[in-house]
Amino acid sequence: MESLSGRSKQVVNKELTFKERIYLPAILGGMWITLKHFFMKKTTIKYPEVKREFAESYRGLHVLKKDENGAERCTACGLCALTCPAEAITMTAAERKNGEEGLFREEKYAAVYEINMLRCIFCGLCEEACPKEAIFLTNEELTPANYDRGDFIYGKDKLVEPQHHPIGKIRGGGPLNQRNYHPYGKGLVTLS
Amino acid sequence: MDFTFLIDKTILVAIIFAISLGIAAYSTYFERKFAGFFQDRIGPDRAGPFGILQPIADGVKLVMKEEIIPAGANPFLFIAGPSLSMLTACMTTAVLPWGSYLEIGGRKIPLQVADVNIGILYVFGVVSLGVYGLMIGGWASNNKFSLLGAIRAASQNISYEIAMGLSIIALVMMSGTLSIGTIVEQQQNSYWYVVLQPLGFLIFLICSFAETNRTPFDLPECEAELVGGYHTEYSSMKLGFYLFAEYTNMFVSSAVMSALYFGGYSVPFISALHLDQNLVAIIGTLAFFGKILFFIFFFMWVRWTIPRFRYDQLMKLGWQILIPLSIINIVLTGIFILVFDK
């Protein structure tokens with residue numbers, strides 16, 4: 001039968017030649033290859049000391065953003081928790097009192113906001129769901145190892161950024177990252 | 001048999017024991033390091049600078065671990081297995097000549113613990129005892145995988161010992177002696193025996209891979225199908241002894257190969273320099289260890305290059321190829337001796 005792809009080959013059970021049967025030339029050839037690798041540059045990255053560069057679109061540890069006045073952007077609407085496929089996010093809402101305008105941007109805020117990093121799958125849907133541009137996934141940090149499972153539940157103390165960074169310069173001024181880019185209609189976020 | 005003789009020998013035994021165990025310990029480190037290099041990695045580098053404290057860390061870990069003797073195992077034999085392995089691995093070093101001789105205070109001190117006139121036979125006897133360690137361990141574990149591993153070890157070692165012995169016979173025909181010391185001395189001012197016995201050396205090399213259970217002949221501890229082979233049930237330092245014995249065996253076979261085929265402590269053309277005897281002896285010993293280390297490297301190099309044989313291939317290679325080949329080698333050697341009247 002004619003082959004449609006033209007790539008099929010007849011299987012041949014050819015006899016091994018004497019050179020192939022004594023096996024030693026093949027061994028020597030293999031040993032030459034391994035010897036070359038012995039002196040090649042090593043690809044190992046010594047992790048804790050040297051960190052590999054992340055891709056710009058990498059989805060790492062979450063951050064809860066503040067606005068340019070240093071007030072938290074999150075309004076505890078719960079859309080991130082709702083959209084989270086791993087159900088890693090929980091929050092408790094609270095009402096802003098008088099005199100807290102500098103701390104929270106709108107009248108409602110998250111009194112408790114927790115992400116269980118063992119559940120989280122770092123899909124970034126929370127970031128896409130957020131209408132206030134409050135939660136982002138950084139492209140420069142991973143969840144560090146820990147001895148205790150409880151320590152993997154990150155509260156606001158670990159999630160809220162210490163001071164306002166313009167988006168695109170999250171945590172320590174990395175390069176402009178693709179976390180600003182929302183393919184589903186929001187367009188490029190341009191915050192100061 | 002005077003007192004100084006005893007002291008000389010005791011010191012020598014202690015030094016050789018320490019060196020061979022030290023080399024065996026550091027072989028584990030270099031094995032992992034070189035495995036890394038061959039695979040474009042850097043290997044262990046956390047314990048101390050470049051990871052050189054790794055063997056100590058491994059040793060401490062093995063000693064600290066819980067010792068488990070399985071409920072169905074025979075406790076006496078279970079402990080005897082690794083002990084015997086370790087014992088036989090260390091015994092062979094006694095007859096190897098580590099250097100010519102030192103002259104201290106007008107006394108000649110040969111750098112060999114015992115120049116037995118049947119040194120080669122002694123080595124063979126002790127090496128073939130080594131398989132009892134694996135067999136007893138595998139049998140005493142009362143575990144099917146261990147038993148299969150032990151059976152493999154036994155049949156493999158018996159098969160390859162024949163070819164190994166036959167390849168040595170050709171060498172003995174040329175040297176006319178069974179004493180390793182004399183064989184090394186013969187190579188001092190003549191060709192190394194690898195030049196006169198290339199085929200014999202090749203057979204010996206392949207067989208020593210099989211005798212030490214190294215890849216491509218590591219079927220007794222073939223983890224893919226036998227879990228861990230004869231040491232499946234072992235933990236703690238008893239497992240450590242098995243692994244350590246393997247490296248000691250590797251060191252010993254490297255030493256035997258360098259002594260029999262690569263001139264032992266002989267350095268080519270060193271007699272032309274007319275150096276002091278002590279200096280010559282020390283250089284010779286260093287040269288001997290250089291050769292040994294090269295062979296250990298070779299063992300590792302092969303291990304990280306070649307995949308393991310299938311069991312029927314292993315048996316076929318041993319019985320149908322190496323044994324006839326070594327018999328042919330004996331015949332050729334006979335003709336060579338007859339024609340050139342060596």
Side-chain angles (χ1 to χ4, degrees), chain A residues 9-61 117-118 122 139-149 151-152 172, chain B residues 30-51 198-207 209-210 214-217 293-310 312-314 316-318 320-322 324-326 328-329:
Chain A
K9 276 183 189 161
Q10 189 67 41
V11 176
V12 279
N13 236 346
K14 83 173 174 61
E15 288 273 303
L16 294 179
T17 59
F18 179 72
K19 190 185 152 199
E20 283 165 341
R21 262 191 299 142
I22 56 171
Y23 192 41
L24 284 175
I27 289 180
L28 292 178
M31 288 176 72
W32 173 241
I33 289 171
T34 43
L35 192 67
K36 276 193 291 188
H37 278 270
F38 194 86
F39 297 105
M40 273 185 192
K41 197 174 173 295
K42 309 303 171 211
T43 52
T44 309
I45 296 168
K46 299 191 177 187
Y47 168 62
E49 293 96 45
V50 185
K51 280 185 183 153
R52 191 174 182 163
E53 220 175 282
F54 289 128
E56 295 219 325
S57 57
Y58 192 84
R59 298 190 296 262
L61 208 60
M117 292 301 171
L118 293 177
F122 299 93
N139 65 348
E140 35 193 66
E141 260 185 81
L142 301 170
T143 318
N146 229 320
Y147 287 105
D148 199 340
R149 281 188 207 179
D151 292 343
F152 281 106
Chain B
F30 281 107
E31 172 101 58
R32 292 176 61 190
K33 205 78 185 161
F34 289 165
F37 291 164
F38 282 127
Q39 298 170 349
D40 294 343
R41 300 183 284 114
I42 49 174
D45 73 330
R46 295 284 129 173
F50 304 106
L199 187 59
F201 169 68
L202 187 67
I203 295 166
F204 191 87
L205 182 71
I206 294 171
C207 292
F209 273 90
R214 293 285 297 182
T215 321
F217 305 109
L293 293 182
F294 170 76
F295 274 110
I296 291 178
F297 172 74
F298 186 77
F299 269 98
M300 293 173 182
W301 185 8
V302 169
R303 171 165 180 189
W304 297 104
T305 303
I306 306 175
R308 149 188 320 133
F309 278 102
R310 216 166 53 205
D312 62 315
Q313 291 172 330
L314 173 94
K316 192 180 170 209
L317 178 69
Q320 296 187 4
I321 297 168
L322 288 181
L325 211 58
S326 47
I328 292 171
N329 187 39

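Residue numbers begin at 1 in each chain, while the letters A, B, ... track the order of the sequences. Computed from a predicted structure; not experimentally measured.
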**OP:** Return the option, out of A:Met40, A:Lys42, A:Lys41, A:Lys36, with the maximum number of heavy-atom pairs under 4.5 Å with chain B.
**Re:** A:Lys42

Original post:
Do the non-hydrogen side-chain atoms of B:Ile321 and A:Tyr23 ever get within less than 4.5 Å of each other?
Top reply: no

**OP:** Measure B:Leu202 against the heavy atoms of chain A and call it side chain, backbone, both or neither at under 4.5 Å.
**Re:** side chain

Original post:
Does the side chain of B:Trp304 pick up a donor-acceptor pair with the side chain of A:Thr34 at under 3.5 Å?
Top reply: no

**OP:** Scan residues 34-49 of chain B for pairs that pass salt bridge (charged side-chain N to carboxylate O under 4.0 Å, His left out), counting only residues two or more places apart or in two chains.
**Re:** A:Lys46-B:Asp45, A:Glu49-B:Arg46

**OP:** Please look at B:Ile42 and chain A and tell me whether the side chain, the backbone, both or neither of the residue comes under 4.5 angstrom of a heavy atom of that chain.
**Re:** both

Original post:
At a heavy-atom separation under 4.5 Å, does A:Ile33 approach chain B through its side chain, its backbone, both, or neither?
Top reply: neither

**OP:** Could you tell me which residues satisfy side-chain hydrogen bond (donor to acceptor under 3.5 Å, both in side chains) with B:Arg32, sequence neighbours excluded, listed by chain and number?
**Re:** none

